[in-house]
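Heavy atoms only: backbone and side chains are in, while hydrogens, waters and symmetry mates are out.
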Amino acid sequence: MTRANLDKQPHEVAEMFDGVAERYDLTNTVLSFGQDRGWRRATRAALDLKPGDKVLDVGAGTGVSTEELARSGAYAVGADLSVGMLRAGRHTRPTVPLLAGDALALPFPDATFDAVTISFALRNVVDTRAALRELARVTRPGGRLVVCEFSHPTNFTFRTVYLSYLMRSLPAVARRVSSNPDAYVYLAESIQLWPNQRDLAARIQQAGWGAVAWRNLSAGIVALHRATRL
């Protein structure tokens, strides 16, 4: 899958990520100029986790984000659709709990978690609102949600430069470091087509979450959306 028509089927998404699993973490760090580490720390801080909390990391991939969440003292479990990503994660992070799970049908009872998060994966789900409702289902009332996702830079000049990087430079760099560079053409296109900060906040609220707010990271390249389970 290399075209980002945002009409994605789960098996296509899983196959795409199976193809990038081998060097996924390295590629992300290179393409983000190392900012991915700061985005993970910001997500953990926004969740306001306490020791003993249970947190679910959806779209966890190789578990690098789940490992970061566990630094809070919370019990963090990761779920992902891609068997290839999970296999790579279990090899590099054998102590991180990782399991197969679809964001549209999570394998957990209602109200299991104190907090849930999804980083750079909501964009890949075929039905955004259904995924947000499913995240609400497995979260206890009063629990927290944080969505960390690529977004839209607010400065017009910077946005122009950024979009040029996405469509020209990013695929070129990916060809040097990724195990499946075509997937990063999809990445660039999907970022362009993704809703802006305000529109995503509206979708989160419509899915049954309250107290929705967001803040920009890296001048709006990424946005953190926070919400509370009603």
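Contact record, A121 with V58: CB-O, 4.4 Å, taken as the closest heavy-atom pair. The two residues V222 and C148 make their nearest non-hydrogen contact at CG1-SG, 3.7 Å.
Atom CZ of R87 is separated from atom CG of D80 by 12.5 Å, given to the nearest 0.5 angstrom. Taken to the nearest 0.5 Å, the CG atom of L81 stands 9.0 Å off from the CG atom of L86. Distance check, rounded to the nearest 0.5 Å: CG of D48 to CG of D53 gives 8.5 Å. Summarising the geometry, atom CG belonging to D36 is positioned 9.5 Å from atom CZ belonging to R41; distances are rounded to the nearest 0.5 Å.
At a threshold of 4.5 Å between non-hydrogen side-chain atoms, the residues Y162 and I221 count as touching. Contact of the E67 side chain with the D57 side chain is not registered, since no non-hydrogen atoms from C-beta on lie closer than 4.5 Å. Here the side chains of R144 and R229 are not in contact, with every heavy-atom distance at 4.5 Å or above. Contact check for V147 versus L224: no side-chain heavy atoms found under the 4.5 Å cut-off. With a 4.5 Å cut-off on side-chain heavy atoms, V212 and R226 do not count as touching. Residues V77 and T66 are not in side-chain contact: their nearest non-hydrogen atoms beyond the backbone lie 4.5 Å or more apart. Considering only heavy atoms from C-beta on, Q197 comes within 4.5 Å of H225 through its side chain. Looking only at side-chain heavy atoms (C-beta outward), L132 and L122 come within less than 4.5 Å of each other.
One hydrophobic cluster, built from ILVMFWY side chains closer than 4.5 Å, holds both L217 and L69. Residues V161 and F33 do not share a hydrophobic cluster, defined by chaining ILVMFWY side chains whose heavy atoms lie under 4.5 Å apart. Cluster membership for W214 and I118, using ILVMFWY side-chain heavy atoms within less than 4.5 angstrom, is not shared.
Residues R129 and D127 are not paired through a salt bridge, judged by the lack of any N-O separation under 4.0 Å between the basic side chain and the carboxylate. Taking 4.0 Å as the cut-off between side-chain N and carboxylate O, D199 and R203 do not count as a salt-bridged pair.
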### Message
Test side-chain hydrogen bond (donor to acceptor under 3.5 Å, both in side chains) on R44 and S72; report intermediate values, then the result.
### Response
CA-CA 8 Å; R44 172 167 59 84; S72 66; over 6 Å; no
### Query
Do F150 and F120 pass the side-chain contact (heavy atoms from CB on, under 4.5 Å) test, and can you show the C-alpha distance, the side-chain angles, and the key distance before you say yes or no?
CA-CA 7 Å; F150 289 112; F120 307 110; 3.5 Å; yes
### Message
With side-chain contact (heavy atoms from CB on, under 4.5 Å) as the criterion, how do L163 and F158 come out once you've worked through the C-alpha distance, each side chain's angles and the decisive distance to 0.1 Å?
### Response
CA-CA 9 Å; L163 289 176; F158 177 64; over 6 Å; no
### Task
Given side-chain hydrogen bond (donor to acceptor under 3.5 Å, both in side chains), test W209 with T139 step by step and report yes or no.
CA-CA 11 Å; W209 294 88; T139 306; over 6 Å; no
### Query
Can I191 and R123 be said to form a side-chain contact (heavy atoms from CB on, under 4.5 Å), step by step?
CA-CA 8 Å; I191 292 171; R123 193 182 69 258; 4.2 Å; yes
### Steps toward side-chain contact (heavy atoms from CB on, under 4.5 Å) verdict (R159, H152)
CA-CA 7 Å; R159 177 171 168 78; H152 296 250; 3.0 Å; yes
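Other residues, nucleotides and ligands contribute only 12 or fewer heavy atoms inside 6.0 Å of the CD atom of Q205.
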Between side-chain atoms of residues 96-117 and protein atoms elsewhere (two or more places apart, or another chain), which donor-acceptor pairs fall under 3.5 Å?
unit_1, atom_1, unit_2, atom_2, d
D102, OD1, L104, N, 3.0
D110, OD1, R137, NH1, 2.7
T112, OG1, P109, O, 2.6
D114, OD1, R140, NE, 2.8
D114, OD2, K54, N, 2.8
T117, OG1, V146, O, 2.8

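Listed for the T160 side chain is a donor-acceptor partner under 3.5 Å among the backbone atoms of F156.
Each of S218, S32, S119 was scored for a side-chain hydrogen bond (donor to acceptor under 3.5 Å, both in side chains) with W39, with one residue passing: S218.
Inspection of the R40 and S65 side chains reveals no N or O donor paired with an N or O acceptor under 3.5 Å. Looking at T62 and R93, their side chains do bring a donor and an acceptor atom within 3.5 Å of each other.
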